[in-house]
Each structure stands twice: as structure tokens, then as C-alpha cells.
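First the structure, in the form of C-alpha cells, and then the observations on it.
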Amino acid sequence: MRGLYNGKTKTAVRFRFAVVAMDLAIIAFFIATPILQKTASFLWLDYSVAALLSVDIGCRMLAEKDVRNCVRQPMFYVDCFILLTLLFPSTLANLGFLRILRLWSLSRSGFLWEPLTSLGFKTWRDTGHAVVNLVTFLFITTGFVYTFFFRAGEGSAGYIDALYFTVATITTTGFGDITLPGVAGKLTSIAVMIVGLSLFVRLAQAVFRPYKVTFHCPACALQRHEPDAVHCKACGHILQLPDEGE
């Protein structure tokens, strides 16, 4: 497992591509859950995803050199919580919208970016993080709004209304044709606008800010440096940035 999850061989790279593809398929299932949950095959799909996620968590733990350190990571608890919502879909139905945190967990683990780095997209990692954060917030908010405000709608109409309201609020478009009722609805709208606008600004910064290398300065701990930096701009320490020979 350690060789497949951390190795540099072609087999290991193909394995990680397959795992990322599986993770993205699972995340797509999470996004579509409000639409699929009334179908006859929903429970079968739900428990199948739970089995896949259990295997993935177990394999990742086997691939770690320090299991105790793995258990201390927030991503581990996020994945365990998601697994619980899959094992008890009826009991924890109101918390199902938090399953999309799997996308955030996948992004923070770095596992998503390793295959992309091997394809030459290393400079887009910061932008990718910003996109993942925005998409995660978008669908968590959509799930929350749907669960507590639009679930009474028939079929996919309620979920589409929730998604439409979320996008309109995050972008501060504010058409006003769909609003959330009551004080709780107003407070939810305020929170969505503030957080959503902040994430949009963060995405814009990631797109237009000059690319920098993430490298820990041993003297002052500065993390971000120019790609061709020789000295740390904060303390002047001589850096030895990894050079890929390009």
C-alpha cells in the first residue's frame, strides 16, 4: 500500500489516478444525493460508496508510516464522519450535505494534486485549492439551504432552487425571485454573501498573483518564495529550492 500511495513507479502513478477518479465519482454521488435519495437504488448506491470509502480509509492508514499521526489529522475525522452519514443515511439525513467535505479533505491531503503535478500543472495548485474551497462551500451551502428551506419541493425542483439561490447570493446578483423566509433565512443569506464573496476574492488572488514556490525556510520558516529565489527575502538565508531542470 505504501508503495502504491507514495511510490514513483508507473504502476503507482496509475493507481493514484484511479483512486482520484474514484474519489471524484464519489463526490459526484454526494452532490447528486438530494436528487437520487428517493430512487429505488439509492440505498444500494449509498452502502456501496460506504464500502469504497471504508476500504480507502483503511488503505490510507496502511500506507502511513505513523498511523497515530494520521489519526490526529482533521481529514481523518472528516472522512469518518462522512462514513457515518453513509452507514446511517436515514438517521443522519439532515447532515448529509456535509459529505461534500470529502472534496476539501481530498484537496488538503495533497493526493488530488500529485497526479496533476506529474502532468505539468504544478503552477496551478494554488488556483486549484481556491476553486476547491469555493466549490465545496457552494455545494455545502446548497445542501444546507435545500435541507432546511426547500426539501418540501417535488423531485429535483427544490434542489435546483437551492442551488440557484446559493449562486445568486454568492455572486451578490440578488434577483430576489427566490428568498429564504424568516429571521433564520436572512441570517443564512448574510453568512452566504460574506463567506462566498471572500472565497471569490481568494480565487481572484490565486489566478492573478504571481506564482511562488512553497518551500520551508530553515531560518525564519517563511513558506512562499519566488521560483528563482536564491536567498530568503525575509531573513537572507541561502535557499536550496528544488529544481526540476526546466
Legend entry - Aromatic contact, Phe144 with Phe148 (centres under 6.0 Å): yes

Taking the side chain as every heavy atom from C-beta outward, state whether [X] and [Y] have any pair of such atoms under 4.5 Å apart.
X	Y	result
Leu197	Ile170	no
Ile57	Phe76	yes
Arg102	Val78	no

Are [X] and [Y] joined in one hydrophobic group, where the rule is that I, L, V, M, F, W and Y side chains link up if heavy atoms are under 4.5 Å apart?
X	Y	value
Val55	Val49	no
Tyr47	Leu52	yes
Leu95	Leu138	yes
Ile160	Tyr146	no

Nearest 0.5 angstrom please: [X] [atom1] to [Y] [atom2], how far?
X	Y	atom1	atom2	value
Leu134	Leu199	CG	CG	5.5 Å
Ile26	Ile100	CD1	CD1	11.5 Å
Ser48	Leu53	OG	CG	12.5 Å
Leu86	Leu43	CG	CG	11.0 Å
Asp79	Asp56	CG	CG	7.0 Å
Ile178	Phe149	CD1	CZ	13.5 Å

Inset, instruction - Go through Thr39 and Trp44 one step at a time and tell me if the side-chain contact (heavy atoms from CB on, under 4.5 Å) criterion holds. - result: CA-CA 10 Å; Thr39 62; Trp44 182 86; over 6 Å; no

Inset, instruction - Describe, in one word, how the ring planes of Phe29 and Phe42 are oriented to each other, choosing from parallel (under 30°), tilted (30 to 60°) and perpendicular (over 60°). - result: parallel

Inset, instruction - Could you pull out the closest heavy-atom pair between Ala50 and Leu83, with the gap in Å? - result: O-CD1, 3.4 Å

Legend entry - Heavy-atom pair with the smallest gap, counting every atom of Ile140 and Leu101: CD1-CD2, 3.5 Å

Give every donor-acceptor pair under 3.5 Å between a side-chain atom in residues 181-195 and any protein atom, sequence neighbours left out.
{"residue": "Thr188", "atom": "OG1", "partner": "Ala184", "partner atom": "O", "Å": "2.8"}
{"residue": "Ser189", "atom": "OG", "partner": "Gly185", "partner atom": "O", "Å": "2.9"}

Legend entry - Asp46: partners by salt bridge (Lys or Arg N to Asp or Glu O under 4.0 Å), with sequence neighbours left out: Arg99

Legend entry - Residues Tyr159, Ile31; criterion side-chain contact (heavy atoms from CB on, under 4.5 Å); working and verdict: CA-CA 10 Å; Tyr159 188 72; Ile31 294 173; 3.8 Å; yes

Inset, instruction - Would you mind listing every ring-ring contact (aromatic ring centres under 6.0 Å, His included) that reaches into residues 160-192, with sequence neighbours excluded? - result: none

Inset, instruction - For the pair Thr85 (side chain) and Ile82 (backbone), establish whether a donor and an acceptor sit closer than 3.5 Å, ignoring hydrogens and angles. - result: yes

Legend entry - side-chain contact (heavy atoms from CB on, under 4.5 Å) evaluation trace for Val19 with Arg60: CA-CA 11 Å; Val19 172; Arg60 288 176 190 270; 3.9 Å; yes

